Amino acid sequence: MARLKFGAFLAPHHPIGEHPMLQFRRDLDFVEQLDALGYDEFWCGEHHSSGWETIASPEMFLAAAGERTKRIKLGTGVISLPYHHPFNVAQRMVQLDHMTGGRAIFGSGPGALASDAHTLGIDPMTQRDRQDEAIAVIRRLFNGERVTAKTDWFEMHDAALQILPLQEDMPFVVASQISPSGMTLAGKYGIGIISLGSMSTQGLMALPQQWQFAEDAAKKAGTTVSRSNWRVLLSWHIAETREQARREAGAGLLRWHNEYNVGTLMRPGLTAFASPDEAVDKTAFVEGAASTIGTPDDLIKMIKNLVDVSGGVGSIIGFAHDWANPENTRRSWDMVARYVVPEINGYIDGLRKSRQFVIDNRAVFERAGQAVMAKIMQNDKAAAALQHTGTGRVAIPAVNAPDLAKEAAKQKA
């Protein structure tokens with residue numbers, strides 16, 4: 001299996017009640033932690049309502065994150081293109097790319113919250129077409145073209161960017177949820193995808209069909225799409241044991257589901273959970289569950305299953321949430337970096353093989369012990385001292401140590 005990239009997606013989803021200033025700072029601390037742990041990507045979104053989602057400008061947040069980090073890629077997840085003039089989006093992304101040293105990823109979507117579109121007076125029926133129009137123009141601007149365009153929602157006259165992106169080819173990524181529009185756009189332009197609908201069982205099982213939408217659109221447009229540029233979102237909370245993960249995540253998961261998904265967004269088909277245990281059971285321990293609340297081994301199994309079901313993806317992106325308290329949440333992401341990522345990507349395979357080689361070839365390495373004993377026996381005082389030497393009393397690497405107790409017994413006989 002090809003090595004997977006790993007990242008985090010911060011919508012954000014924060015329960016109402018914490019000081020917003022401290023929330024922003026805690027989120028920036030989180031990006032800094034991910035960078036230190038070796039995660040490949042960090043994504044944050046754009047929202048203007050609902051109370052739970054507080055980042056209105058992903059570009060502004062990511063510019064601050066860029067100053068705190070060194071290597072992690074920083075993606076807009078996503079900029080809702082119908083909310084903005086495309087020229088302004090292009091300029092902000094170019095500035096972000098330069099300010100982060102060429103680490104920006106341009107992720108876009110049509111806008112996820114109906115309340116956001118309502119606030120701006122945008123007809124939801126126009127949003128996906130407007131995203132398509134905006135992508136087409138922004139790609140031309142990034143290529144250095146001078147663009148004149150007129151639509152029913154924006155105009156440009158001889159528009160050209162004064163500065164082009166620092167990256168020769170800044171990655172373009174579109175969000176995909178349930179409808180085929182995101183995958184179709186990706187295929188049309190030959191760009192990347194971040195699948196957000198995979199956090200549900202139905203979304204996980206629909207991944208093969210979703211990819212087919214992208215391939216069909218690419219074939220029609222004469223472009224290509226690559227699974228290496230396909231990012232899939234998963235949710236998890238990881239601890240040393242399943243019981244501990246359950247205790248840490250249950251109450252926060254209950255609140256997130258009941259207050260946000262059911263109480264605020266009123267997602268169709270969802271009903272409130274009655275207890276933290278029910279929340280955990282129905283989220284992570286039902287047949288075909290798309291979330292993991294458990295151990296590193298449980299998440300490893302989930303990711304391998306996702307790769308099999310989907311046919312192959314390029315990145316696993318974890319959904320950042322407040323199911324657990326900040327300390328246990330940080331611990332969860334730390335454990336994923338330490339135990340899940342290396343297991344999935346084979347980083348410790350060589351260590352296991354090296355250990356087994358030593359075990360399987362012990363007879364070959366006994367000659368090293370014989371060489372040590374030969375030197376001891378060549379010295380009368382050392383040989384005499386051997387009678388009083390027991391296991392562990394000499395500083396000889398264990399792999400080279402003869403059986404000193406056995407040799408001492410011979411000397412005493």
Side-chain angles (χ1 to χ4, degrees), residues 2 4-5 43 75-84 86-87 89-90 93 105-112 117 122-154 156 159 165 167-198 200 202-233 306-315 317:
L4 293 177
K5 293 181 179 179
W43 298 76
T76 56
V78 295
I79 296 175
S80 300
L81 291 182
Y83 303 171
H84 310 275
F87 187 79
V89 174
M93 286 305 305
I105 303 173
F106 175 39
S108 72
I122 297 172
D123 181 355
M125 297 300 293
T126 68
Q127 286 175 256
R128 283 153 186 82
D129 289 340
R130 289 183 177 186
Q131 181 192 5
D132 188 351
E133 292 172 332
I135 288 175
V137 167
I138 293 170
R139 285 172 67 82
R140 292 179 63 193
L141 291 169
F142 279 8
N143 288 333
E145 296 182 35
R146 188 170 292 278
V147 178
T148 296
K150 183 175 182 178
T151 71
D152 61 351
W153 64 289
F154 72 84
M156 292 187 192
Q167 298 175 83
E168 187 173 359
D169 186 14
M170 184 193 296
F172 271 63
V173 176
V174 292
S176 172
Q177 295 198 55
I178 300 172
S179 78
S181 60
M183 302 300 275
T184 301
L185 268 184
K188 177 179 179 178
Y189 292 105
I191 56 181
I193 306 142
I194 182 165
S195 290
L196 308 180
S198 51
S200 68
Q202 297 83 354
L204 187 63
M205 299 309 297
L207 288 176
Q209 180 58 63
Q210 289 284 311
W211 184 252
Q212 190 62 52
F213 290 143
E215 288 193 324
D216 290 347
K219 183 177 180 180
K220 181 178 179 180
T223 64
T224 58
V225 284
S226 171
R227 288 181 179 269
S228 65
N229 293 325
W230 187 12
R231 298 160 174 87
V232 174
L233 201 65
L306 182 148
V307 172
D308 289 342
V309 167
S310 66
V313 302
S315 303
I317 308 298

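Note that the structure is a prediction, hence the values are computed from the model and not measured.
- Side-chain contact between V232 and S310: absent, with no pair of heavy atoms (C-beta onward) separated by less than 4.5 Å.
- Surrounding CD of E168 are at most 12 heavy atoms belonging to other residues, nucleotides or ligands under 6.0 Å away.
- Taking T184 as the reference, nothing meets the side-chain hydrogen bond (donor to acceptor under 3.5 Å, both in side chains) condition, with sequence neighbours excluded.
- The CE atom of M170 sits 12.0 Å away from the CZ atom of R139 when rounded to the nearest 0.5 Å.
- Residues passing the ring-ring contact (aromatic ring centres under 6.0 Å, His included) test with W230 are W211, sequence neighbours excluded.
- Taking CD1 of I191 as the reference point, atom OG1 of T223 lies at 9.0 Å (rounded to 0.5 Å).
- Using a 4.5 Å heavy-atom cutoff, the side chains of V174 and Q131 are in contact.
- Exactly one of L4, I193, I105 qualifies for a side chain to side chain contact (heavy atoms under 4.5 Å, CB included) with R231. That residue is I105.
- What you find for Y83 and P110 is that their closest heavy atoms are CE2-O, 4.3 Å.
- Q127 is linked by a side-chain hydrogen bond (donor to acceptor under 3.5 Å, both in side chains) to nothing, counting only residues two or more places apart in sequence or in another chain.
- The closest side-chain heavy-atom distance from I79 to M93 is below 4.5 Å.
- In this structure, the salt bridge (charged side-chain N to carboxylate O under 4.0 Å, His left out) partners of E145, at least two apart in sequence or on a different chain, are R140.
- Taking the side-chain hydrogen bond (donor to acceptor under 3.5 Å, both in side chains) definition, one finds that T76 meets it with nothing, sequence neighbours left out.
- For A149, the side-chain contact (heavy atoms from CB on, under 4.5 Å) criterion is met by V147, F154, not counting sequence neighbours.
- Between the side chain of T151 and the backbone N or O of W153 there is at least one donor-acceptor pair closer than 3.5 Å.
- Within the structure, no pair that satisfies the salt bridge (charged side-chain N to carboxylate O under 4.0 Å, His left out) test touches residues 202-230, not counting sequence neighbours.
- Between W43 and V173, some side-chain heavy-atom pair lies under the 4.5 Å cut-off.
- The ring pair (Phe, Tyr, Trp, His ring centres under 6.0 Å) contacts involving residues 131-150 comprise F142-F172, where partners must be two or more places apart or lie in separate chains.
- Within the 4.5 Å cutoff, no side-chain heavy atoms of V313 are placed close to those of L207.
- To the nearest 0.5 Å, the span separating CD on Q167 from CZ on F106 amounts to 13.0 Å.
- For residues 176-187, there are no salt bridge (charged side-chain N to carboxylate O under 4.0 Å, His left out) pairs, not counting sequence neighbours.
- Under the side-chain hydrogen bond (donor to acceptor under 3.5 Å, both in side chains) criterion, T224 pairs with no residue at all, not counting sequence neighbours.
- Residues P82 and G109 share a closest heavy-atom pair of CD-O, 3.7 Å.
- Considering all non-hydrogen atoms of both residues, G192 and A186 come closest at O-CB, 4.0 Å.
- Shortest non-hydrogen contact noted between I135 and S108 is CD1-OG, 3.7 Å.
- Listed for the S176 side chain is no donor-acceptor partner under 3.5 Å among the backbone atoms of S195.
- Counting only heavy atoms from C-beta outward, the side chains of I138 and L81 approach each other to under 4.5 Å.
- Taking NZ of K5 as the reference point, atom OG of S315 lies at 6.0 Å (rounded to 0.5 Å).
- Sorted by first then second residue, the salt bridge (charged side-chain N to carboxylate O under 4.0 Å, His left out) pairs that include residues 183-194, not counting sequence neighbours, are D132-K188.
- Counting only residues at least two apart or on different chains, no salt bridge (charged side-chain N to carboxylate O under 4.0 Å, His left out) pair has a member in residues 171-183.
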